[in-house]
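No experiment lies behind these values; they were computed from the predicted model shown.
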Amino acid sequence: MAEAPLIALRGVTKVFGTGAAAVRALAGIDLDVGGGEFVAIMGPSGSGKSTAMNILGLLDTPSSGAYYFKSVDVARLDRTRRALIRRRYFGFVFQGFNLLPRTSAVENVELPLTYRGIPVRERRRLALAALARVGLAQRAAHTSAELSGGQQQRVAIARAIVTEPAVLLADEPTGNLDTATSRDIMDLLVRLNREQGITVVMVTHEPDMAVYARRVIRFLDGRIESDTLAEAAA
């Protein structure tokens with residue numbers, strides 16, 4: 001019997017507004033993502049890719065359809081239980097880094113552990129280990145203002161993985177970085193995926209970054225236009 005996908009969307013729609021002002025951002029999406037995959041989601045502005053990412057990360061809910069995570073329809077859960085699942089299984093990386101500016105790198109990485117109530121000494125140990133995994137152990141005491149853009153994104157990735165998530169959701173993770181730094185960040189995401197088995201779902205508008213994924217999904221007008229292996233898409 002085939003193993004159920006880690007993530008499964010079935011007939012998912014998302015409508016913003018009502019009546020004549022209604023906008024259908026997603027128009028019936030069916031999507032499976034298996035554990036350990038690295039998926040890039042592409043598409044023009046307004047194609048639905050960011051809406052789909054928000055639903056995958058339990059930051060939003062579908063207007064209709066089902067979202068199965070680990071075979072549970074999480075879209076039907078209440079807000080509290082969705083938040084618990086999000087904290088337990090998901091890590092997030094954003095284009096804008098979203099770091100506290102006057103706080104050290106290690107303290108930024110500790111934040112998700114603080115929300116979980118992890119004791120001070122243990123969360124410091126875990127945060128330092130996460131920084132080491134992204135090659136920034138030597139910058140642990142530096143504030144965001146003292147770090148380059150690439151280093152800040154590495155801190156953001158360390159913060160996302162410090163809780164050992166099953167899924168890393170990356171929304172334009174190289175959007176604010178130069179080409180060389182972007183490649184370094186993509187190499188890091190590939191390593192986390194292949195060596196540590198973290199499932200990575202990344203939204204990007206950059207074809208040069210999408211080829212790092214094993215699979216590329218293209219959205220258009222709220223639907224999936226294509227779903228191909230990265231080698232075939234490159």
Side-chain angles (χ1 to χ4, degrees), residues 5-34 37-99 111-112 115 153 156 159-160 165-176 189 199-207 209-210 213 215-228 233:
L6 180 64
I7 287 169
L9 301 183
R10 295 289 180 264
V12 166
T13 70
K14 185 63 181 183
V15 179
F16 295 101
T18 59
V23 175
R24 184 175 287 266
L26 295 178
I29 297 295
D30 293 313
L31 172 65
D32 288 351
V33 177
E37 282 201 84
F38 190 148
V39 177
I41 296 177
M42 303 190 72
S45 296
S47 63
K49 62 185 187 298
S50 294
T51 300
M53 181 70 99
N54 287 338
I55 289 173
L56 290 177
L58 297 173
L59 299 171
D60 202 353
T61 56
S63 299
S64 64
Y67 170 18
Y68 296 99
F69 180 73
K70 297 175 74 72
S71 300
V72 175
D73 188 355
V74 292
R76 297 182 182 276
L77 300 178
D78 62 36
R79 181 177 299 182
T80 300
R81 281 190 275 185
R82 290 200 311 272
L84 289 173
I85 291 172
R86 185 169 61 245
R87 290 178 191 172
R88 171 64 182 84
Y89 291 105
F90 291 86
F92 297 86
V93 179
F94 302 99
Q95 177 178 349
F97 314 143
N98 292 352
L99 301 178
L111 278 177
Y115 298 144
Q153 191 61 296
R159 181 184 58 194
V167 181
L168 184 63
L169 298 177
D171 192 355
E172 301 283 5
T174 61
N176 287 334
L189 293 179
T199 302
V200 179
V201 181
M202 174 184 70
V203 164
T204 182
H205 67 276
E206 301 173 273
M209 300 300 109
R215 179 179 166 202
V216 177
I217 299 169
R218 298 181 186 276
F219 276 61
L220 183 66
D221 297 332
R223 301 181 186 276
I224 292 178
E225 181 186 36
S226 65
D227 185 345
T228 58

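E172 contributes no side-chain N or O that, together with a main-chain N or O of M202, makes up a donor-acceptor pair within less than 3.5 Å. Panel note: side chain R218, backbone S226; no donor-acceptor pair is recorded below 3.5 Å.
Qualifying salt bridge (charged side-chain N to carboxylate O under 4.0 Å, His left out) partners for D171, counting only residues two or more places apart in sequence or in other chains: none. The side chain to side chain contact (heavy atoms under 4.5 Å, CB included) check on P44 picks up S47, L220, with sequence neighbours excluded. Every residue two or more places apart in sequence or in another chain was checked for a salt bridge (charged side-chain N to carboxylate O under 4.0 Å, His left out) with R87, and none qualifies. When the salt bridge (charged side-chain N to carboxylate O under 4.0 Å, His left out) test is applied to R88, no partner is found at least two apart in sequence or on another chain. In this view, D32 and R10 satisfy the side chain to side chain donor-acceptor pair (under 3.5 Å) rule, not counting sequence neighbours. Here R223 pairs with nothing under the salt bridge (charged side-chain N to carboxylate O under 4.0 Å, His left out) rule; sequence neighbours left out. Annotation: side chain to side chain contact (heavy atoms under 4.5 Å, CB included) contacts of N176 (sequence neighbours excluded): Q95, F97. The side chain to side chain donor-acceptor pair (under 3.5 Å) check on T174 picks up E206, with sequence neighbours excluded. A search for side chain to side chain donor-acceptor pair (under 3.5 Å) contacts involving D227 returns R215, not counting sequence neighbours. By the ring-ring contact (aromatic ring centres under 6.0 Å, His included) test, Y89 is found to be paired with F69, residues two or more places apart in sequence or in another chain being considered. Take D73 and apply the side chain to side chain donor-acceptor pair (under 3.5 Å) test, not counting sequence neighbours, and it matches R76.
When all heavy atoms of T204 and A40 are compared, the closest pair comes out as CG2-CB, 4.5 Å. The two atoms that bring G222 and I29 nearest to each other are O-CD1, 3.3 Å, heavy atoms only. Taking every heavy atom of both residues into account, D30 and I224 meet most closely at O-CD1, 3.5 Å. Nearest heavy-atom pair, L58 versus R86, reported as atom, atom and distance to 0.1 Å: O-NH1, 2.6 Å. Nearest heavy atoms, D221 versus A27: O-CB, 4.5 Å. P165 approaches G91 most closely through the heavy-atom pair CB-N, 3.6 Å.
Considering CD1 of I217 and CG of L31, their distance stands at 4.5 Å, rounded to 0.5 Å. Taking CD of E37 as the reference point, atom CG of L6 lies at 9.5 Å (rounded to 0.5 Å). Rounding to the nearest 0.5 Å places CG of L111 at 11.5 Å from CG of N98. To the nearest 0.5 angstrom, S71 atom OG is 12.0 Å from I7 atom CD1. Once rounded to the nearest 0.5 Å, the distance linking CZ of F16 with CG of L26 reads 7.5 Å. Atoms OG1 and CZ, from T199 and F38 in turn, are 11.0 Å apart once rounded to the nearest 0.5 Å.
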Legend entry - Chi angles and distances behind the side-chain contact (heavy atoms from CB on, under 4.5 Å) call for I41, V201: CA-CA 7 Å; I41 296 177; V201 181; 3.7 Å; yes
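Here side chain to side chain donor-acceptor pair (under 3.5 Å) pairs that include residues 50-66, with residues two or more places apart or in two chains, are T13-S64, K14-D60.
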